[in-house]
Structure formats: structure tokens, C-alpha cells
J.: 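Quick one: structure below, then a few questions.
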2 protein chains.
Amino acid sequence: MQNKNKTVVRSMDVLNLFLTHTKLSMNEMVKLSGIPKTSVHRMVGSWEEMGFLHRDAEGTYSLGLLFLQFGNLVAERLDIRHAALPAMERLRDAVGEAVHLVLRDGEEAIYIEKLDTNHPVRLFTKIGKKAPLYAGASSRIILAFIPEEEREAYLADLALEPISSGTIIDKALLRESLERSRATGYSFSRSELESYTAELSAPIFDHAGRILAAISIAGLEVTFDEERLPELVCRVKAAADEISTQLGYRRP
Amino acid sequence: MQNKNKTVVRSMDVLNLFLTHTKLSMNEMVKLSGIPKTSVHRMVGSWEEMGFLHRDAEGTYSLGLLFLQFGNLVAERLDIRHAALPAMERLRDAVGEAVHLVLRDGEEAIYIEKLDTNHPVRLFTKIGKKAPLYAGASSRIILAFIPEEEREAYLADLALEPISSGTIIDKALLRESLERSRATGYSFSRSELESYTAELSAPIFDHAGRILAAISIAGLEVTFDEERLPELVCRVKAAADEISTQLGYRRP
DNA sequence: ATTATAGTTCCGCAATTCGGAACAACAATG
DNA sequence: CATTGTTGTTCCGAATTGCGGAACTATAAT
């Protein structure tokens, strides 16, 4: 793993521009990436030949349909997604808020499935979105339940950066929150990743009792009032437990 | 476009192995691809660094979660998919068969959305699946409605290869079928891509009257009997027209 | 006619990739 | 416990490949 194709990895810079831009001309890519024109030209030609970029009639580029194929393969092969979907739908219908499924990916959490509501004002999370393990209810419930050594290693040289108005940036407070989550079996966050939003999350375990993912209810902060919380906590934990059971988990 | 990063394009061979394999070890990739061990090692390292491959605990590789992100971006940016989904759902519920949305992609057709049924025996199409433009109802309805010059250019040096038991391999028959489709506004296929299956498809047009996609009802051949066809034809054409209208198409 | 802008090609230099071979780590076997 | 096999990783000299400034083409705007 020391050895890599630098050219290949470098070309990724061009592809990444399409995470934030739908269509780009050759020149726009040159300007945005800061890579010499000739090199961009070569890289784009390669991505196009592979099918990851598509050139339309006017000569502008967008992401290729090949991503549909690979993307769906990945989605299909994630069996936790299959196991979780029905319970997620029921939870969404019961609480009328968006429901998310979140996986750990190294030192980050990644949103792999979402169910939206029909509210005129709604939270809109992108699948594939990442968050650090210390911010947001889903991330933190994962952090709370990973093995202690891993957690300590992560916390040891962690720099807490504020992401939104409510992000926890005090390590002592973070540890306290993790303790509480382990004790109560859920975690709650207010405006940690996005202002005016709140997230309530419970852990999903595999047959061996290891944390595998988190399921969460997310919505506007104002709708998560004190009276409503107990019911939501109960429901999200029930949904999480249902999925865990399906994956072979037996409560200790 | 003459100039390409050969290294980058060559690495695609390794990634493509994952279209047919869920997990692969380093050695399996070496054997399957026929590329020297050292080179595979380098390529895999690059894909991993980019996030397109993921290495699990046992040292085997699978497609990375990054594909979820890119795949969903592509899906979201295809506005025809948004426009078509509600009509597709209603069609699926009305006829109780799988419903597909198919786009043209150069000289091929590509399935970009599917709605499955709950039948115990059901057709299962993968999103991203490709088919030549001459085989299958959806492919052929697209071929029937593209501009005449393009169609003639395609037909000119076309070698008709049988794909399944019912594939049309006679160019005269193909032309005849295309004529009929243009006249009737739908196309029907039996066992052209997959034995024992049938597909019934209607064209979707954009505001300028160009064919943009095809919608189709697909299922087991035995369930598409003569008495049922007229109703199915009516329904699939209605769904297609609805989507076309939504995209700004006005019937001539 | 002139200037500007985007896209493409050329080409010599140098950095990167190539791949055989050797090595390390580990499991299976006699 | 030595031996053989399997898999993953590193080394290194040869040479292919990528690099990028510059020049060229095409088309649009002034």
C-alpha cells in the first residue's frame, strides 16, 4: 500500500469537482482544479473512456451512468440496508420525520440510506454524506459503542472542530455524552451538524454484539420538544432492536 | 481525446471484476484479470485511496461506499427519473408487473430505474444493465423513434447477434418491427433478452418531440396472453404519455 | 479585421509505472 | 518441526508514460 499510481489518484481531483457541480466544461474544470489544461484534458479523456464521465452534445461533462450501475451494486450488497428498510419505513410513518441509516467508515460516519417526509419544510440529507464520529447523534452513538481501545485511540489525538452552532467542542463534555449514551442506549443532538436540526439515534448490533450501524430520526429542532422525546426515544430504540434481532443479535 | 492516461484506463479492468464478484482477494484479482501481481497491487492501492474499493478486516476487497455517493448524485440529477417515478408506481400497482425506465446510451439502451413486484417468481433486472438497441421492447422502441439518419447509420453495419431464444436476427424482420412500432406507438418482445420473459414498451418524448426514454412492463412470458395485451398496451402508453406531457411534450 | 475564449495537438524532458524477482508472513502438510 | 505452498508486500533497473508549456484551430464576440 506504499505503492500507488499517483496519476490515477491525482485524477480523482477532477472527478471530485462533480460532487458539487452538476455539469462542467473543460475550462471550468481547469479553473476549479488548478491543474494544467493539458493534464485535465488527459484525465477527463480517461474518465470518459471508463464511463465515469459523460460528454453531452454541447461539450460539457457530467457524471456517467456507470455510477448508477456501481452505486446500485453497492446498495444491493449491503445486507444491513435490506434488513433495515422495512423497520425504517414503519418508523418514518409512525413519527412523521426523516429516518436515516448510518454506518461507520473508519473515523467517519456515513449516511447510507434515508427516508424523507413530505413536509413542506424538511431536512434533506444526501446519501453518502459523511460526518466525524464526534458530531451528530448517529455518529456519537456509534462512537459510544465501538470497543473501548478504539474509542480511546480516536479520542486521544482528536481535535474537536465546531461544525455548527451546537457542535460539542469540549472533550470532557463529549466523554460525558458518550457515557450517558452507553447507559441509556440512545443519543440526542441539537444543531451539531446543521443549525435548527435535531437527531435522535439508537445503535444496531450484529450477532456478535458489535455495533454495526445507527438508525436515527432527524428533523427540525423545534419539533423535538421535551414532551415528545420519550415517545420518540422508545420508537427509535424499538426499530433499532428489531433490526438488530433480524441480524442475529440476542440481547444479553 | 486521442490522449489518455493509459494507466488509469487500464486500472479499470480491476474495478470491473467487481461487477460480477462481491468480494475478491488480491490474488483472485491477479488471477481473474491476468495482470501482473505487482501492477494489480498498485492499482488496488489507488482505488482504495480514492475510496472506490474498500479493504475489510480479512484483507479482501469490495466496492467502496463512495459509489453510493456518486451513484445517488447521478440518480438525483436525472430529472426524467423524478418525473417518471410516480407514473411508474401507478402503472406497477395497476398491472402487477415489474416496470422499467430505459434510456438510450449511444448504441445501447440502459435500465436506469426499476420497480419490482412481490411475486414469488419475478423478473429481476439490475439497474445499469445494458442491452443493444435491436433487442428487447424498450431498446427497440427507442431505436424506432430516433431520427431516421441515426437509425439508418446504426442499421447499416449492424451484426444481429442472438442473445436469447427470441432475439430478432433478421434485419428485414427488425425493420418491419420498427415500422410497426412507429405506427402503433408501442413495441412488444418475447424472450429477446431473457428466455421466458416478455416486455411491452412505450416511448417518452421531450418538449421538442425527441425520444428521451422508454417505459416498459416486463414479466414472465406466460402472463402476457392475447386477451390481456390490449389493456396493458393502453396502460403503458398512458403512463408514457403522462411522463412526456410532464416533460413539456405536446401531442402533434 | 481584431480580440477573446475554449478546446485540441505537439513534443522533448523527466517522472512514473512496469514487472520479474526476491522477501516476508502465515497456513497446511508430511 | 522442518517443509512446502499460498498470499501479500517490497525492491529496483529499464523504459514506457505522463507532464505541461507552447503553439495551433475553431468559433464567437467586439
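All values derive from a computational prediction rather than experimental measurement. Naming convention: chains lettered A, B, ... in sequence-line order (proteins, then strands); numbering from 1 in each chain.
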J.: Charged N to carboxylate O below 4.0 Å: is that the case for D79(A) and R81(A)?
T.: no

J.: Centre-to-centre under 6.0 Å for F70(A) and F18(B), is that the case here?
T.: no

J.: In whole Å, what is the span from the NE2 atom of H41(B) to the C1' atom of dA21(C)?
T.: 15 Å

J.: Is the shortest distance from a Lys or Arg side-chain nitrogen in K31(A) or E28(A) to a carboxylate oxygen in the other one below 4.0 Å?
T.: no

J.: Using atom NZ of K31(B) as one end and atom C1' of dG8(D) as the other, report the distance to the nearest whole Å.
T.: 12 Å

J.: Could I get a table of every N or O pair under 3.5 Å where one atom is in the protein and the other is in nucleotides 3-5 of chain D?
T.:
none

J.: State whether a side-chain donor-acceptor pair under 3.5 Å links T125(B) with H100(B).
T.: yes

J.: If we count only N and O atoms by modelled type, under 3.5 Å, do the side chains of S164(B) and E194(B) hold a donor and an acceptor together?
T.: no

J.: Do E152(A) and R175(A) sit within salt-bridge range, that is, some charged N less than 4.0 Å from a carboxylate O?
T.: yes

J.: Over how many whole Å does the gap from E58(A) atom CD to dT27(D) atom C1' extend?
T.: 16 Å

J.: Does the pair E49(A)/K6(B) count as a salt bridge with the N-to-O cut at 4.0 Å?
T.: no

J.: Using a 4.0 Å heavy-atom cut-off to protein, can you give one letter per nucleotide of nucleotides 18-24 of chain D, 5' to 3': B if the base is in contact, S if only the sugar-phosphate is, - if neither?
T.: SBBBB--

J.: If the plane angle is over 60° it's perpendicular, under 30° parallel, otherwise tilted; pick one for W47(A) and F52(B).
T.: perpendicular

J.: Round to the nearest Å and state the distance from E48(B) atom CD to dT9(D) atom C1'.
T.: 14 Å

J.: Using atom CE of M26(B) as one end and atom C1' of dC26(C) as the other, report the distance to the nearest whole Å.
T.: 16 Å

J.: Could you tell me the separation between the NZ atom of K23(B) and the P atom of dT7(D), rounded to a whole number of Å?
T.: 16 Å

J.: Within this structure, what is the CG-to-P distance between L24(A) and dG7(C), rounded to whole angstrom?
T.: 11 Å

